[in-house]
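Working notes for the structure below.
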Amino acid sequence: MSRFEPVALEHASRLLNHGPTVLVTTAFAGQRNLMAAAWSMPVEFTPPRIAIVIDKSTLTKELINASGQFAIIIPSAEFATQTYAAGSISGRDGDKFDRLQLQAQQGSVLGLPVLEDGCIAWMECRLIPESHTEKAYDTCFAEVVSAAADPRAFSGGHWHMDVANPATHTIHHLGAGLFMSLGGQISARRP
């Protein structure tokens, strides 16, 4: 007799968490947006390419389609509440950066809004148009054109996560506002 219990299929994807929860930023024609995404992964090393799932109905996807670019920010465990909030409110109701009181800097190559306070790293990306996967699966492919990281968390091509320092931990979304990090489970609350 198996000690395993069935998992509802709508929760099956939560069993395979292939990377940290990230924030996605975009900007076009004076409008910017920010959203949280739990499904992203590297695709190629050289040139560096990634894949990320972004629902086609979001303002973020509209801005990506218009600009052909976006940034990915990797929040730390200390930023779990802001990350959850960014994924819980709509940019159609106002600028999320202002609503969440987030100070964005400009990325070094594309000038996209990036966050450093409370975050570990960022990457600016150019969209690689793949209309079939974008329409059918909400999956976007992109080439990373610039990247930067907090050396306390990542340097020399390697992660350096200090168990005692949540500022160096990535977060992984478990669903319903719960995240896991190196330091344990985090319950994020909507502001």
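All values below were derived from every heavy atom in this structure, side-chain atoms included, with hydrogens, water molecules and symmetry-related copies excluded. Remember, predicted model here, so these are calculated numbers, not experimental data.
- Of all heavy-atom pairs spanning S90 and R99, the tightest one is O-NH1, 3.2 Å.
- Q31 CD to L59 CG: the interatomic distance, rounded to the nearest 0.5 Å, is 5.0 Å.
- The two residues D98 and D95 come nearest to each other via the heavy atoms N-OD1, 3.0 Å.
- Interatomic distance, C140 SG to I64 CD1, rounded to the nearest 0.5 Å: 5.5 Å.
- Of the possible polar contacts, one joining the T139 side chain to the Y137 backbone as a donor-acceptor pair under 3.5 Å is found.
- By the neighbour-count criterion of 12 heavy atoms within 6.0 Å, atom CD of Q105 is densely surrounded, having more than that number from other residues, nucleotides or ligands.
- Residue P20 comes nearest to T170 through the heavy atom pair CB-CB, 3.7 Å, listed as atom of the first residue, atom of the second, then distance.
- Between the side chains of S155 and H160, a donor-acceptor pair is found at a separation under 3.5 Å.
- Side chain of S181 to main chain of A77: no donor-acceptor pair is present (N/O by atom type, distance under 3.5 Å, no hydrogens or angles).
- The OG1 atom of T26 sits 12.5 Å away from atom CG of L110, with the distance rounded to the nearest 0.5 Å.
- Distance CD/E116 to OG/S76: 12.5 Å, rounded to 0.5 Å.
- Counting all heavy atoms, side chain and backbone alike, L127 lies closest to F141 at CD1-O, 3.4 Å.
- A salt bridge links E134 with K61: at least one charged nitrogen is closer than 4.0 Å to a carboxylate oxygen.
- The minimum heavy-atom distance between S67 and A27, with the atom names listed, is CB-O, 3.6 Å.
- At distances below 3.5 Å, at least one donor-acceptor pair connects side-chain atoms of H169 with backbone N or O atoms of N165.
- Between the CD1 atom of I73 and the CZ atom of F79 there is a distance of 9.0 Å, given to the nearest 0.5 Å.
- Without hydrogens or angle criteria, T21 side chain to H173 main chain gives a donor-acceptor distance under 3.5 Å.
- Separation of atoms CD1 (I171) and OG1 (T83) is listed at 4.0 Å; rounding is to 0.5 Å.
- A donor-acceptor contact closer than 3.5 angstrom is absent between the side chains of T168 and D162.
- Judged as a side-chain hydrogen bond (donor to acceptor under 3.5 Å, both in side chains), the pairs with a partner in residues 141-152 (not counting sequence neighbours) are, in order, E124-S146, D150-R152.
- Residues A71 and V114 approach most closely at CB-CG1, 4.0 Å, considering heavy atoms.
- In this structure, the side chain of K96 engages the main chain of A86 through a donor-acceptor pair within 3.5 Å.
- The residues E130 and K135 are annotated as not salt-bridged, no charged nitrogen and carboxylate oxygen being separated by less than 4.0 angstrom.
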